[in-house]
**Student:** 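Would you mind keeping the following structure in view while I ask a few things?
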Amino acid sequence: MNWLLVEDIVKRALNEDLQYGDITTEAILNDKDRAIVDLIAKEDGIIAGLEVFKMVFNILGDVQVNLYVKDGDRVKSGERFGEVLGLTKNLLIGERTALNFIQRMSGIATLTREFVDKLEGSKVKLLDTRKTTPNMRIFEKYAVTIGGGNNHRFGLNDGVLIKDNHIAAAGGVRNAVDLIREKAPFVRKIEVEVETIDQVNEALEAGADIIMLDNMDLETLRESVKIINNRAMIEASGNITLDTITDIAETGLDFISTGALTHSFKVLDISMKNLRGM
């Protein structure tokens, strides 16, 4: 991860809570009180974001985080997997921000692992999308990798992906690909999103490197894979679920992408509990 960017986002998250201080904590505690609190998983899942969690308290200062797991480890409900100790005021000030990050990242990693497990024994790679929370993409895409998935484009400059509206704007698949070849860096692979068999043939004739089969039923997927016949890499996308992904993978694809990893995850319930003085 780009840690300078991470630090900037974490600082802004803290400032969101601390615009005018913490009136509750400041009324109860002084600058000498010190405590220790347990980090506890309240449900089973995959942990992700531990360094981000630590960074919250590093920024606040005078707090130490001791962890008994690493990113990618599986935790069980009720498991005490770390402790946070130091200046009590900073433990309380940073608690919600730190948990917000780790709960969301762990939720994404947990859901990603479920999808990856469905692909066990397959050559198909699972990809994420750009359907991420604004300004949180760096965390969410990292969490996907911790869950065993792979990142698609991080941003619009990472690769060429000609989507339906690009095709409409260019006047067709062939025109869109020709314009890309004329104006985009030649080292970039060209991926085209298609929705019909006719568009599959157009993309092949235009020389696309990757063809994304979007929202196709199984029969159309199989026909498309047969037509492409290893002349381009193949990605499937659109309404991919845990119930459908195995059947889709068996059609002979190279990649499956799903926005569900970063827009339909459930946060993993984690808490800081049992605070006691030192």
**Student:** Return the minimal non-hydrogen interatomic distance between I59 and K11, and the atom names on each side.
**Tutor:**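 Reported closest heavy-atom pair: CD1-CG, 3.7 Å.
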**Student:** At what distance, to the nearest 0.5 angstrom, does CD1 of I93 lie from CD of E95?
**Tutor:**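 So the gap between those two atoms works out to 11.5 Å.
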**Student:** Between M233 and K189, is there a side-chain heavy-atom distance shorter than 4.5 Å?
**Tutor:**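 A side-chain contact under 4.5 Å exists here.
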**Student:** Could you pull out the closest heavy-atom pair between F101 and V56, with the gap in Å?
**Tutor:**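 Heavy atoms of F101 and V56 come nearest at CD1-CG2, 4.2 Å.
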**Student:** Spell out, yes or no, whether M136 and V144 are grouped together once hydrophobic residues are joined by side-chain heavy atoms under 4.5 Å, including indirect joins.
**Tutor:**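 No; V144 is not reachable from M136 via cluster members.
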**Student:** Verify, without hydrogens or angle tests, whether R188 (side chain) and G159 (backbone) share a donor-acceptor contact under 3.5 angstrom.
**Tutor:**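 A pair under 3.5 Å: no.
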**Student:** Are any of the side-chain heavy atoms of L92 and I28 separated by less than 4.5 Å?
**Tutor:**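 Sidechains of I28 and L92: no contact.
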**Student:** Does the side chain of Y142 reach to within under 4.5 Å of the side chain of D71, using non-hydrogen atoms?
**Tutor:**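 Touching, per the 4.5 Å side-chain cut-off.
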**Student:** Output, in order, the C-alpha distance, side-chain angles, deciding distance and verdict of salt bridge (Lys or Arg N to Asp or Glu O under 4.0 Å) for R12 and E16.
**Tutor:** CA-CA 6 Å; R12 284 190 279 120; E16 184 178 46; over 6 Å; no
**Student:** May I ask whether I36 and V63 are part of the same hydrophobic cluster, defined by side-chain heavy atoms of I, L, V, M, F, W, Y residues being less than 4.5 angstrom apart, directly or through others?
**Tutor:**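 Cluster IDs for I36 and V63 differ.
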**Student:** Under 4.0 Å between a Lys/Arg side-chain N and an Asp/Glu carboxylate O for K89 and D31?
**Tutor:**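 Salt bridge flag = yes for D31 with K89.
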**Student:** Does a side-chain heavy-atom distance below 4.5 Å link H152 with R130?
**Tutor:**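 No, side chains not in contact.
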**Student:** When you measure from the side chain of R231 to the backbone N and O of I228, does any donor-acceptor pair fall under 3.5 Å?
**Tutor:**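 Checking the backbone N and O of I228 against the side chain of R231, a donor-acceptor pair under 3.5 Å is found.
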**Student:** Do L218 and I248 come within less than 4.5 Å of each other through their side chains, counting heavy atoms only?
**Tutor:**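 Side-chain contact under 4.5 Å: yes.
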**Student:** Taking K141's backbone N and O only, do any of them form a donor-acceptor pair with N151's side chain (distance below 3.5 Å, no angle check)?
**Tutor:**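 Indeed, once roles are kept as given, a pair shorter than 3.5 Å links the two residues.
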**Student:** Could you measure the distance from the OG1 atom of T24 to the CD atom of E26? Nearest 0.5 Å is fine.
**Tutor:**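 One finds 9.0 Å between OG1 of T24 and CD of E26.
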**Student:** For the residue pair M216 and E195, what are the closest heavy atoms and their distance?
**Tutor:**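 That would be CE-C, 3.7 Å.
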**Student:** Between E43 and L268, is a side-chain contact (heavy atoms from CB on, under 4.5 Å) present by the stated rule, with each step listed?
**Tutor:** CA-CA 7 Å; E43 56 187 327; L268 190 69; 3.4 Å; yes
**Student:** Taking E114's backbone N and O only, do any of them form a donor-acceptor pair with D117's side chain (distance below 3.5 Å, no angle check)?
**Tutor:**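 Between the backbone of E114 and the side chain of D117 there is no qualifying donor-acceptor contact (under 3.5 Å).
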**Student:** Quick one: does N150's side chain have a donor or acceptor within less than 3.5 Å of a partner on L127's backbone?
**Tutor:**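 A pair under 3.5 Å: no.
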**Student:** Is it the case that the side chain of N201 and the backbone of D198 share a donor-acceptor pair, with hydrogens and angles ignored and the cut-off at 3.5 Å?
**Tutor:**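 No, the answer is negative, given that no donor and acceptor are paired below the 3.5 Å cut-off.
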**Student:** Does L126 share a hydrophobic cluster with M105, counting links as ILVMFWY side-chain heavy atoms below 4.5 Å and allowing steps through other members?
**Tutor:**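 They do not share one cluster, since no chain of ILVMFWY contacts under 4.5 Å joins L126 to M105.
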**Student:** Rounded to the nearest 0.5 Å, what's the gap from CG on L119 to OG1 on T246? Could you check?
**Tutor:**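 It is 6.5 Å, given to the nearest 0.5 Å.
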**Student:** Judged by atom type as modelled, is there a donor-acceptor pair below 3.5 Å linking the side chain of T112 to the main-chain atoms of G148?
**Tutor:**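 Side chain of T112 to backbone of G148: no pair is present.
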**Student:** Keeping the roles fixed (side chain from T110, backbone from I46), state whether a donor-acceptor pair exists under 3.5 Å.
**Tutor:**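 Yes; at least one donor-acceptor contact below 3.5 Å.
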**Student:** Run F265 and V267 through side-chain contact (heavy atoms from CB on, under 4.5 Å) and show every step you take.
**Tutor:** CA-CA 6 Å; F265 65 94; V267 299; 4.0 Å; yes
**Student:** Other residues, nucleotides and ligands only: do more than 12 of their heavy atoms fall within 6.0 Å of CG on N30?
**Tutor:**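 More than 12 heavy atoms, drawn from other residues, nucleotides or ligands, come within 6.0 Å of this atom.
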**Student:** Could you tell me whether a side-chain N or O of D33 sits under 3.5 Å from a main-chain N or O of T88, the two making a donor and an acceptor?
**Tutor:**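 Not at all, since once roles are kept as given, no pair shorter than 3.5 Å links the two residues.
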**Student:** When you look at L18 and D22, which way does the side-chain contact (heavy atoms from CB on, under 4.5 Å) test go after all the steps?
**Tutor:** CA-CA 6 Å; L18 282 171; D22 179 350; 4.2 Å; yes
**Student:** So if I apply the side-chain contact (heavy atoms from CB on, under 4.5 Å) rule between V52 and each of I9, T97, V10, which one comes out positive?
**Tutor:**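 It is V10; the other options fail the test.
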**Student:** So, K70 and D73, do they make that salt bridge, N to O below 4.0 Å?
**Tutor:**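 Yes.
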**Student:** Answer yes when D62 and R34 have at least one side-chain N-carboxylate O distance shorter than 4.0 Å, and no when they do not.
**Tutor:**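 Yes, D62 and R34 are salt-bridged.
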**Student:** With a 3.5 Å distance limit and no angle check, can you tell me whether T244 reaches the backbone of I240 through a side-chain donor-acceptor pair?
**Tutor:**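 Judged by distance alone, no pair lies under 3.5 Å.
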**Student:** State plainly whether the residues D247 and R222 are in salt-bridge range, i.e. N to O under 4.0 Å.
**Tutor:**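 Looking at R222 together with D247, the answer is no, because their closest N to O distance does not fall below 4.0 Å.
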**Student:** Whether K163 and E193 form a salt bridge (side-chain N of Lys/Arg under 4.0 Å from carboxylate O of Asp/Glu) is what I want to check.
**Tutor:**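 Salt bridge present between E193 and K163.
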**Student:** What are the two closest heavy atoms between L50 and V69, and how far apart are they?
**Tutor:**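 Reported closest heavy-atom pair: CD1-O, 3.5 Å.
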**Student:** Identify the two heavy atoms, one from R137 and one from F154, that lie closest to each other, and give their separation to 0.1 Å.
**Tutor:**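 Heavy-atom minimum between the residues: NH1-O, 2.8 Å.
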**Student:** Quick one: pull up CE in M212 and OG in S224 and give me the separation to the nearest 0.5 Å.
**Tutor:**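 Result: 13.5 Å between the selected atoms.
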**Student:** So does E223 pair up with K226, basic N to acidic O under 4.0 Å?
**Tutor:**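 K226 and E223: not salt-bridged.
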**Student:** Write down the atom of I270, the atom of L39, and the distance for their closest heavy-atom approach.
**Tutor:**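 Scanning both residues completely, I find the closest heavy atoms to be CG2-CD1, 3.9 Å.
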**Student:** Are any of the side-chain nitrogens in R153 or E191 under 4.0 Å away from the carboxylate oxygens of its partner?
**Tutor:**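 No salt bridge links R153 with E191.
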**Student:** When hydrophobic residues are tied together by side-chain contacts of less than 4.5 Å, even through go-betweens, does F139 share a cluster with I47?
**Tutor:**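 Hydrophobic grouping puts F139 with I47.
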**Student:** With a 6.0 Å cut-off (strictly less than), is the heavy-atom count around NZ of K266, excluding the residue itself, greater than 12?
**Tutor:**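 More than 12 within 6.0 Å, yes.
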**Student:** What I'd like to find out is whether the side chain of T258 reaches to under 4.5 Å of the side chain of T129, using heavy atoms alone.
**Tutor:**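 When only atoms from C-beta onward are counted, T129 and T258 do not touch, as no gap falls below 4.5 Å.
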**Student:** Look at atom CG of N66 and say whether more than 12 heavy atoms of other residues, nucleotides or ligands are closer to it than 6.0 Å.
**Tutor:**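 Yes.
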**Student:** Would you please test K123 and D254 for side-chain contact (heavy atoms from CB on, under 4.5 Å) and show each step?
**Tutor:** CA-CA 7 Å; K123 66 163 188 159; D254 299 292; 3.4 Å; yes
**Student:** Going only through I, L, V, M, F, W and Y residues with side-chain contacts under 4.5 Å, is there a path from F53 to V6?
**Tutor:**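 Yes, because F53 and V6 connect within a single hydrophobic cluster, where side-chain heavy atoms sit under 4.5 Å apart.
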**Student:** When V192 is tested against each of V173, L161, V160 for side-chain contact (heavy atoms from CB on, under 4.5 Å), which residue passes?
**Tutor:**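 Considering V173, L161, V160, a side-chain contact (heavy atoms from CB on, under 4.5 Å) with V192 is found only for V173.
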**Student:** Report yes if some heavy atom in the side chain of L213 is under 4.5 Å from a heavy atom in the side chain of L253; otherwise report no.
**Tutor:**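 Sidechains of L253 and L213: in contact.
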**Student:** Just verifying a value: how many Å separate D269 CG and D44 CG, rounded to the nearest 0.5 Å?
**Tutor:**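 Interatomic distance, D269 CG to D44 CG, rounded to 0.5 Å: 11.5 Å.
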**Student:** Rounded to the nearest 0.5 Å, what separates atom OG1 in T132 from atom CG in L261?
**Tutor:**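 T132 OG1 to L261 CG: 11.5 Å, rounded to 0.5 Å.
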